[in-house]
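Comments concern the structure below.
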Amino acid sequence: MNITSAKFITSSQHVSQCPKESYPEYAFIGRSNVGKSSLINMLTGRKKLAKTSSTPGKTRLINHFLINGEWFLADLPGYGYAKASKKDREAFAAMIEGYASLRTNLVCFFVLIDSRIPPQEIDLDFMEWLADSGLPFVILRTKTDKLNQKERHLHLSALKEKLHETWEELPLIIETSAETGAGKEEVLGFIEETNGKVTGEEKRDA
Ligand code: GTP
Ligand code: MG
């Protein structure tokens with residue numbers, strides 16, 4: 001899929017403020033600083049579409065982008081921001097829960113995981129929650145440019161092994177880098193294919 005247009009629509013604090021559910025929606029989520037906004041910019045080929053920052057916790061709202069006038073991309077705030085207060089963490093959990101359960105055009109989550117570190121409890125917990133809630137997801141491993149091939153394989157194997165403790169069948173896992181553009185074709189190809197299946201009325205059963 002070629003991205004011919006990518007338009008920022010709105011920032012929302014609550015799912016009730018999100019744009020009308022007119023298009024299939026893909027949500028990008030992951031730990032704070034994992035590289036969500038950078039990956040969105042890489043995928044869309046727009047350097048400044050989503051705001052990036054070396055300070056974790058930059059994205060605090062649900063940001064909607066309309067891509068090619070046919071699908072929504074939602075940039076969600078990062079979870080597991082170490083410095084966030086308990087109150088902030090609870091507010092975040094409520095926001096995501098509301099978003100995930102009420103957003104009927106939601107097709108799939110992309111769960112971003114840092115390729116350089118061992119599987120984190122918080123990521124595993126979140127994926128279990130998605131699975132229990134019946135929400136489909138794909139794993140995107142980020143920042144793979146920072147690893148050599150051997151390290152990459154080691155971390156990928158560790159992740160798969162960990163996931164196998166919970167699931168027999170694993171979700172799709174894509175290796176990505178906002179620096180090199182790795183994974184771009186695969187992610188956009190997946191979205192294109194999925195969009196083809198989700199036509200008009202056939203939205204996810206809420
Ligand atoms: P929050 O919005 O704070 O949750 O962060 P985020 O997940 O949106 O991360 P963001 O895209 O802002 O990136 C965080 C930091 O990681 C920035 O300093 C980026 O430059 C860096 N970064 C992101 N993706 C990559 C990548 O693929 N490779 C490398 N080398 N650095 C990256
Ligand atoms: Mg961000």
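All ligand and atom numbering here is 1-based and tracks the order in the structure.
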For ligand 1, which atoms have a heavy atom of [X] less than 4.0 angstrom away?
{"X": "Asp145", "answer": "26 (C), 27 (O), 28 (N), 29 (C), 30 (N)"}
{"X": "Ser177", "answer": "27 (O)"}
{"X": "Gly35", "answer": "6 (P), 7 (O), 9 (O), 10 (P), 11 (O), 13 (O), 23 (C)"}
{"X": "Gly78", "answer": "4 (O)"}

Min heavy-atom dist Thr142 to ligand 1 below 4.0 Å |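 The answer is no, since Thr142 has no heavy atom less than 4.0 Å from ligand 1.
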Pick, from Ser32, Ser38, Ser37, the option with the minimum heavy-atom distance to atom 8 (O) of ligand 1.
->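 Residue with the shortest heavy-atom distance to the ligand atom: Ser37.
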Please work out which of Lys36, Arg116, Met42, Lys146 has its closest non-hydrogen atom nearest to atom 4 (O) of ligand 1.
->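 It is Lys36 whose heavy atom sits nearest to atom 4 (O) of ligand 1.
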Is the closest side-chain donor-acceptor distance between [X] and [Y] under 3.5 Å?
{"X": "Asp145", "Y": "Thr180", "result": "no"}
{"X": "Tyr26", "Y": "Asn105", "result": "no"}
{"X": "Asp114", "Y": "Thr142", "result": "no"}

Side chain to side chain contact (heavy atoms under 4.5 Å, CB included) partners for Gln17, two or more places apart =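 Here the qualifying residues are Ser12, Gln13, His14.
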Would you say Leu39 and ligand 1 have an N/O pair spaced under 3.5 Å apart?
->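 Between Leu39 and ligand 1 (N or O atoms, distance only) the closest approach is not under 3.5 Å.
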Output yes when the distance from some N or O of ligand 1 to some N or O of Val34 is under 3.5 Å, and no in every other case.
->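 Yes, since at least one N or O of Val34 sits under 3.5 Å from an N or O of ligand 1.
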Which pairs of donor and acceptor atoms, one on a side chain in residues 149-156, lie under 3.5 Å apart (sequence neighbours left out)?
from   : atom 1 : to     : atom 2 : distance (Å)
Glu151 : OE1    : Asn148 : N      : 2.8
Arg152 : NH1    : Glu175 : OE1    : 2.9
His155 : NE2    : Arg116 : O      : 3.4

Is any N, O or S atom of Ser37 under 2.8 Å away from the Mg ion (ligand 2)?
->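 For Ser37, the answer is yes, given that an N, O or S atom comes within less than 2.8 Å of the Mg ion (ligand 2).
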Check ion pair Glu165-Lys162 (N to O, under 4.0 angstrom) |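 The answer is yes: the pair qualifies as a salt bridge.
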Verify same cluster id: Ile117, Tyr79 (apolar side-chain graph, 4.5 Å) =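 The answer is no; the residues belong to distinct hydrophobic clusters.
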